[in-house]
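So the structure is just underneath, and the comments pick up after that.
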Amino acid sequence: MSNIRVRIAPSPTGKFQIGNARTALFNFLFAKKSGGTFIVRMEDTDQSRSTKESEENILKSMDWLGLSWDEGPTIEGDGYKGSFGPYRQVERLNTYDEYINMLINEGKAYKCFCTTEELEEERSKQKEKGIAAPKYSGKCKNLSKEEVEANIKEGMPFTVRFIIKPEKVKFNDLVKGDVEIDMSNYGDPVLVRSDGMPLYNFVVVIDDLLMKITHVIRGEDHISNTPIQIQIHEALGNTPPKFGHIPLTLTPDKKKLSKRHGAVSIDEYREMGYLKEALINFLVLLGWSSGNEQEIYSLEELINVFDLSRMQKSNAIFDIERLNWLNGIWIRKKDINEIVDLSKPYFEKMNVKSDQEYLNKIMLLIRDRLKYLSQIPELTDYFFNEGRLDKQKLVFKKSTAETTKKGLEAACNKLSSLGRWPESTEDFSTILAGAVADNGMANGDVFWPIRYSLSFSETSPSPAELLWALPKEVSLTRIKKAIDAL
RNA sequence: GGCCCUAUCGUCUAGAGGUCCAGGACGCCACCCUCUCAAGGUGGUAACACGGGUUCAAAUCCCGUUAGGGCUGCCA
């Protein structure tokens, strides 16, 4: 076990998102690769947006993906594992108080009595003056002790602000390299809201410090928060952790992935029938590559080959076609029984009560055609229900109604006179081919109408496969019906 | 606007100065297989954003421009 400790720190303000999952995955891989510890911490200080359901969804989604955490809330949500808890920020409020007081007493933070209105006015005035980078003036920093006490006595609400040192902050980012930011562009950030609730930029530092986080791997949307957090760490006399800012994933129109741009939660992809293996595989390739030409990776393989230094520096666009391809690959890689199990929810939605054997046959026939499991209803309806027979479509394009009828009859006769119903697709194939040969016909005169009459579809598995899967009586009835229709 | 990050086929990417008139994958197109649709196989289409340097040599290093993204909250 190495002393490397990383965390994923989602705010439970909605379902677990694709972007979060990707960040979690990179953290997970980084930790597992090095024998380190992977921690989940709920950043729920925004109580107006945080919900228990969101937390549950995040935990369950991570668990489903196989991103198991060593420390953090338990999946049941009734406790914690790990000895650096609690792992929910609202349960650590007392701790934050201690550190806030320390900073204030040491003159590194101050109480600010400016109201939201005053701040807005200040900002708009600065904009009017054409000031390029409006920021808080820091006027409350200069309040005397007496003024502060008087304000408090009057019951004036206040925030606590951290005093930014107006100097350049440099850090070596694990993925971006050297980054330098001039803090003279920053106003003093609020650490604690006027209602007493501490804010992200502060709590994240305290938690990372107390939880002994060694590497902070997060989205690059946090890069401009990093120098603030570094200065807070330093104000506390702590050496900041190492930072690695991974590029973001964008929608096809190059916008930040969000609810407005289609499905974004892991839940939704799961419901559509994307396999966790495909999602993991897809997500890791969004911003990372091994350097060789292998594209298909299991989570276990990734733990071995993952290397943070091979992260891409630029943003990546979420391409659903690539996910579809990977999902198809993983669907085909799975054992058929496993696929049937994964397919059950979709059959249940169809109110299908077939036995395992029938479902097995069906999935054997359609799995090559599946991009995702929720396509099952549309692709398998004819296995359970009669469809509409279109006389025009019954005739192969190079054939005629007359020949088609003859072909169907020939096949029907052969099938009906069978002593024992065959058990392999090859046998059915042979029988159909026999009907073709006996009558000097083309394959299309027999194969096509049989297939169409059994599936009511112009695109389906082969007739031999359908005969193999469908119950004998169903097949025979459908073929006879087709003959009558001509 | 300011600050920061980034820049190879439509998309995901390989490439860490010569082996690159740039390789792989997805998609798309064609062909093979074939009664159909998939799957599979084969082939094809398509990129170093632009302009300056540095160097014998640049996709690779430097500068600038342009473009995209992020941040600019008493959200995270």
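Lettering follows sequence order; numbering is per chain, from 1. The analysis underlying the following values was restricted to heavy atoms, covering all of them including side chains, and did not include hydrogens, waters or symmetry mates.
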Which part of the nucleic acid, if any, lies within reach of [X] when heavy atoms closer than 4.0 Å are counted: base, sugar-phosphate only, or nothing?
X: T45(A); value: sugar-phosphate
X: G287(A); value: sugar-phosphate
X: H222(A); value: base
X: P252(A); value: nothing
X: F396(A); value: sugar-phosphate
X: N292(A); value: nothing
X: E293(A); value: sugar-phosphate
X: P247(A); value: nothing
X: E43(A); value: sugar-phosphate
X: T459(A); value: base

Complement of [N], any strand, by Watson-Crick or G-U distances under 3.5 angstrom:
N: C50(B); value: G64(B)
N: A59(B); value: none
N: C21(B); value: none
N: G10(B); value: C26(B)
N: C3(B); value: G70(B)
N: U34(B); value: none

Separation of atom [atom1] in [X] from atom [atom2] in [N], rounded to whole Å:
X: N225(A); N: G73(B); atom1: CG; atom2: P; answer: 11 Å
X: F318(A); N: C26(B); atom1: CZ; atom2: C1'; answer: 13 Å
X: L257(A); N: G68(B); atom1: CG; atom2: P; answer: 19 Å
X: W330(A); N: A39(B); atom1: CH2; atom2: C1'; answer: 18 Å
X: N185(A); N: C3(B); atom1: CG; atom2: P; answer: 7 Å
X: D390(A); N: U36(B); atom1: CG; atom2: P; answer: 19 Å
X: L466(A); N: A38(B); atom1: CG; atom2: P; answer: 16 Å
X: Q89(A); N: A76(B); atom1: CD; atom2: C1'; answer: 9 Å

Take atom [atom1] in [N] and the same atom in [M], then report the distance between them in whole Å.
N: U60(B); M: C20(B); atom1: C1'; result: 11 Å
N: G18(B); M: U13(B); atom1: P; result: 23 Å
N: G41(B); M: C26(B); atom1: P; result: 9 Å

By nearest atom, which of the nucleotides [options] is closest to the [X] side chain?
X: S11(A); options: U13(B), A76(B), C26(B); answer: A76(B)
X: R451(A); options: C71(B), G68(B), U36(B); answer: U36(B)
X: V190(A); options: C5(B), A76(B), C74(B); answer: C74(B)
X: L286(A); options: C12(B), A38(B), G24(B); answer: C12(B)
X: S224(A); options: C74(B), C71(B), G23(B); answer: C71(B)
X: D319(A); options: C75(B), C12(B), U11(B); answer: U11(B)
X: D368(A); options: U36(B), A39(B), U13(B); answer: A39(B)
X: D46(A); options: C3(B), C5(B), A76(B); answer: A76(B)
X: L248(A); options: U13(B), G70(B), C35(B); answer: G70(B)
X: R322(A); options: A25(B), C35(B), A14(B); answer: A25(B)

Taking atom types as modelled, find out whether [X] and [Y] have a side-chain donor-acceptor pair closer than 3.5 angstrom.
X: S137(A); Y: E122(A); value: yes
X: D445(A); Y: S399(A); value: yes
X: E465(A); Y: S462(A); value: yes
X: R218(A); Y: T226(A); value: yes
X: S453(A); Y: R478(A); value: no
X: T400(A); Y: T403(A); value: yes
X: S429(A); Y: D427(A); value: no

Presence of [X] side-chain N/O under 4.0 Å of [N] phosphate oxygens OP1/OP2:
X: S460(A); N: C37(B); answer: no
X: R22(A); N: C12(B); answer: no
X: R193(A); N: C75(B); answer: yes
X: W325(A); N: C26(B); answer: yes
X: R332(A); N: G40(B); answer: yes
X: R123(A); N: G73(B); answer: yes
X: K255(A); N: G69(B); answer: yes
X: Q126(A); N: G1(B); answer: no

**Study point:** Residues K15(A), D267(A); criterion salt bridge (charged side-chain N to carboxylate O under 4.0 Å, His left out); working and verdict
**Key:** CA-CA 7 Å; K15(A) 290 190 168 188; D267(A) 247 14; 3.1 Å; yes
Point to revise | CA sep, side-chain torsions, deciding dist, call: R92(A), D207(A), salt bridge (charged side-chain N to carboxylate O under 4.0 Å, His left out) | key: CA-CA 9 Å; R92(A) 303 169 64 78; D207(A) 287 347; 2.7 Å; yes
**Study point:** 5' precedence on RNA chain B between D445(A) and C114(A) (nearest-nucleotide basis)
**Key:**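 Taking each residue's closest nucleotide, the earlier one in sequence belongs to D445(A).
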Study note, to complete from the structure: When I223(A) and W288(A) are each assigned the nearest nucleotide of RNA chain B, the 5'-most assignment goes to I223(A)
